[in-house]
Amino acid sequence: MSHEEFPTDAPAVVTCGLPYANGDLHVGHLRTYVGGDVFSRALETLGQQTAFVSGSDMHGTPVAVNAESEGVSPESFALEWHEIYKETFPKFNVDFDNYGHTHDETNTAITRSIVRTLEQEGYVYEKQIMVAYDPIDDQYLPDRYVEGTCPYCGEHARGDECDEGCQRHLEPGEIEDPISAISGNPAEYRERTHKFFEVSAFSEYLSDFLDGLEGTSNARNQPREWIESGLKDWCITRDMDWGIDYPGADASDESSSDREADGSSDLVLYVWVDAPIEYISSTKQYTDRIGPDVYDWEETWRGDGEIVHVIGRDIIQHHTIFWPAMLRGAGYTEPRAVMASGFVTLGGKGFSTSRNRAVWAEEYLEEGFHPDLLRYYLATNGGFQQDVDFSWEKFRDRVNNELVGTVGNFLYRSLLFAHRNYAGTPDASVSPEVESRIEEAIEAFTAGVNDYSIRDAGNAAVRLASFGNEYIQRNEPWKLTDDDPEQAAQVIFDCVQIAKAIAVLFAPIAPDRCAALWAQLGEDGSVHDVTVDAALVPPARSFDEPEELFEKIPDERVEELNEKLEARVAEATDDDTDDAPGEETETTDTTDMDDIEPLTTDRISFEEFQELDIRVGEIVSAAGIEGADKLAKLEVDIGLETRQIVAGIKQLHDLESLPGTRVVIVANLEKAELFGVESNGMLLAAGEKADILTTHGDAAPGTKIR
RNA sequence: AGCGGGAUGGGAUAGCCAGGAGAUUCCGCCGGGCUCAUAACCCGGAGAUCGGUAGUUCAAAUCUACCUCCCGCUACCA
């Protein structure tokens, strides 16, 4: 299916993946929201009627568990985060037309209505499954509420997946020796009736849907595997209180009070059912607020709307399989595009919230940086689906060279010249050369939007500014004011026209700075209310002395920020060396086996050596990691605790003979995830053959090596 | 392991989907210019056989196959 180019006559909605209400936002998260905001603003600049919505994702086991551990209700726990998000986004000029949350009345009502429709259409069936239950606290234990032993590898595992061991996803009822994660009570299994959504019925539809899906290619390609290998039906209910109650079979259920009625009484909907529905609900709330004559949510979601989902690439499947199947089954409009962003790395490595290795949203602002700078960086640093690396150095370079040097400088030099010599725009009209160059920029901008490339759209303005610098330089108006005043006026008029075009075309990326520029140009109204045509409308006659739009970031600031970050990481790392391990993993390589090569000439200090916590350990168990050629998972007793360590020794040793072997490990190496298995330390071994180091005597496990 | 995304001058990135003059932009480097401008800006130059191998083609960074190395995903985590 091919789509008409933007702008179309239909209303569009741009949605951002819902932030999950249980933690702070960092620069990595911001990428998706900035991306969505830029895209929706750009659509509007093209003249497309657009709603931009999102909301907080309030439900789910993690919220319930975290709330429990803090001793507050899930609702107030999630609402607290919701309020924070709601306040944070505008600070980055991410201006949703509506920002709701999944627990509000609108979402509850629409969710129930959709689920009922799916039932009526015959897409939902019941099935008995085993669910863990805490008989002492009289509580069912879905997902992460239960812990126990993995039936496959014998590791300690969470109810939903073997998070420490083999990484398998566990079906409810599979885990052995279940205990409650909340109370610690031993749990038992009970047979429960759950609801399943017949996703498998949609495989043909979804396959066609993907063929016509626009956006980034990863969103189109990644889910194909699932369809080709056969879609599984989807359990859409959970045994818990926190969530949207599963709508009763009869149409008469109103609130959530009647939950003891029948077999499905305690069931709430799985969070991934009501989360995307918030896109619809949020749009409806927008309509409710401004009136259907301005924006009609039903035309969008039940008519011919242009639905664009902006998400992180980790939730592609939800938006390209489950969600369109639900929409289809319930008779809603299918999405036109899914834009799945790549991740943001920090200095080449993954963000790690537990190690505090992150640049937090609040922190960025507290450091005094303008939000538009970060927007520019995130939006234009690479293709949307590509990973983007953030570092203060790169940030400084791009701000100083591109925003200050190219864009800011062009605007300032032109407008200052215009103001000084003409008190505004000189009397002239745009030259053919500049007019066509601006038209070119508009085309590039439009093409960028239609390619779902916010980078291209953003660069259109920067390129135009670059042309402006070249143009003013080439024409040297400062020489012409005396020799050829008419020509000087012409050149400066052109420059002001370019400045105005930049204001229009760059506004999606830098809304605040472009609004300031617009005002500086003496234009009426808001730059956010105009469309691309305004770029060629003659500029206002008079304006005041301009101000510099962007400021340079001094090198010292970068050093300072890097030091702060390092110090913080060091502190966080120290903290968890000797106690609770953090949950987050880091993408680092521990597989680098030394070749027999030259000696390193760089010397390290004794202090640096002492930072290594090297210990004697004893292998308790060893097993190959399924699917991996070289990796083996080891349990190593290091006295104080038993560590899981992944080592590249699978084919080099007889794993069965390893238990009992005394080994040497680095205990404070940062954690890594190898082949999906967490490695908490490093086994020392020599050379390509991985000759395992041991001790000569019989030092006990845990003995420190120095 | 399967699947997805990468591998392009010193660094970072574009192009590839719609194959065609030895390739974009930013930084860095060398040389020059300008002085309106936030030591900014403009011009010129050096520098890449576009991860490897084999194909298709008159023609491949761009298509196909295989391979290597990174990153990610793999459904009842959100």
Side-chain angles (χ1 to χ4, degrees), chain A residues 17-23 57 59-63 129 142-144 158-161 163 167-172 194 196-197 199 216-226 228-229 231-238 270-272 275 313-318 321-322 340 342-343 345 350 380-383 385-389 391 393-394 397-398 400-402 404-406 408-418 420-421 451 453 455-456 459 462-463 466 468-474 476-479 481 492 495 546 548-552 587 589 625-629 675-676:
Chain A
L18 273 40
Y20 193 58
N22 75 339
D57 188 1
H59 301 315
T61 317
V63 161
I129 56 172
D143 305 335
R144 295 184 185 177
R158 286 198 318 231
D160 51 10
E161 66 172 334
D163 57 327
Q167 292 291 304
R168 269 177 222 262
H169 287 269
L170 304 178
E171 297 290 313
H194 275 265
F196 282 74
F197 174 45
V199 179
T216 51
S217 63
N218 52 357
R220 198 161 36 251
N221 298 330
Q222 197 169 302
R224 286 227 151 84
E225 180 198 9
W226 276 21
E228 277 157 24
S229 61
L231 290 172
K232 302 176 198 168
D233 293 339
W234 191 38
C235 182
I236 54 169
T237 45
R238 290 292 181 278
Y270 177 44
V271 55
W272 265 112
R313 72 150 112 112
D314 50 337
I315 51 174
I316 287 176
Q317 259 76 345
H318 298 89
I321 302 282
F322 300 139
F343 295 138
T345 52
T380 64
N381 207 34
Q385 71 169 318
Q386 246 61 274
D387 289 353
V388 155
D389 187 49
S391 72
E393 286 90 345
K394 289 181 188 171
D397 284 349
R398 300 207 60 215
N400 290 358
N401 294 317
E402 294 161 42
V404 178
T406 302
N409 184 237
F410 166 72
L411 295 169
Y412 187 61
R413 72 197 294 205
S414 309
L415 300 187
L416 188 62
F417 197 98
R420 281 182 187 162
N421 293 280
D451 277 348
S453 171
R455 186 194 52 205
D456 289 355
N459 279 153
V462 180
R463 296 271 161 83
S466 183
N469 274 321
E470 189 257 315
Y471 185 77
I472 195 170
Q473 189 74 34
R474 168 155 48 92
E476 301 184 306
W478 47 92
K479 284 184 181 169
T481 41
I492 292 304
C495 289
E548 295 163 358
L549 278 186
F550 301 104
E551 274 178 26
K552 280 205 166 188
T587 49
D589 50 325
I625 292 175
E626 194 190 339
D629 295 334
F675 234 81

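Computed from a predicted model, the values in this text were never measured in an experiment. Every chain is numbered from 1 and lettered A, B, ... according to where its sequence line falls, protein lines coming before strand lines.
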Apply side-chain contact (heavy atoms from CB on, under 4.5 Å) to [X] and list each qualifying residue two or more places apart in sequence or on a separate chain.
X      : result
A/T237 : A/H194, A/K195, A/C235, A/Y246, A/L267
A/D451 : A/S453
A/F343 : A/R313, A/D314, A/D387
A/D397 : A/N401

[N] - base-pair partner by Watson-Crick or wobble geometry, distances under 3.5 Å:
N     : value
B/U13 : none
B/G2  : B/C73
B/C50 : none

List the residues meeting salt bridge (charged side-chain N to carboxylate O under 4.0 Å, His left out) with A/K394, not counting sequence neighbours, and say none if there are none.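 Scan of A/K394 (salt bridge (charged side-chain N to carboxylate O under 4.0 Å, His left out), adjacent residues dropped) gives A/D389.
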[atom1] atoms of [N] and [M], separation to the nearest Å:
N     : M     : atom1 : result
B/G51 : B/A7  : C1'   : 5 Å
B/G33 : B/C16 : P     : 39 Å
B/G31 : B/G55 : P     : 46 Å
B/C50 : B/A60 : C1'   : 10 Å

Is A/E402 paired with A/R398 through a side-chain N to carboxylate O contact shorter than 4.0 Å? yes
With a non-hydrogen cut-off below 4.0 angstrom, is [X] in contact with a base, only sugar-phosphate, or nothing?
X      : answer
A/I315 : base
A/V404 : base
A/D314 : base
A/H318 : base
A/L549 : base
A/G383 : sugar-phosphate
A/R474 : nothing
A/L231 : base

What residues form a ring-ring contact (aromatic ring centres under 6.0 Å, His included) with A/F197, not counting sequence neighbours?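 Listed in chain order: A/F202.
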Using heavy-atom distances to pick each residue's nearest nucleotide on RNA chain B, tell me which of A/D451 and A/A21 is more 5'. A/D451
5'-most contact on RNA chain B (nearest-nucleotide basis), A/E470 vs A/Y20, goes to A/E470
How about A/F322 and A/W234: are their ring centres within less than 6.0 Å of each other?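 Aromatic pair counts; centres sit under 6.0 Å.
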Output the single nucleotide from B/C71, B/G72, B/G2 whose closest atom is nearest the side chain of A/F343.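 Among B/C71, B/G72, B/G2, the one nearest the side chain of A/F343 is B/G72.
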Output all residues satisfying side chain to side chain donor-acceptor pair (under 3.5 Å) with A/R420, sequence neighbours left out; order by chain, then residue number. none
Residue A/E393 excluded, over 12 heavy atoms near CD under 6.0 Å: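 Atom CD in A/E393 is crowded, with more than 12 foreign heavy atoms closer than 6.0 Å.
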Protein-to-nucleotide contact annotation, 5' to 3' order, nucleotides 24-37 of chain B [B base; S sugar-phosphate only; - none; under 4.0 Å, heavy atom]: -SSS-----BSSBB
Hey, what are the protein-to-nucleotides 4-9 of chain B N/O distances that come in under 3.5 Å?
residue: B/G5; atom: OP1; partner: A/N221; partner atom: ND2; Å: 2.8
residue: B/G5; atom: O2'; partner: A/Q386; partner atom: OE1; Å: 3.3

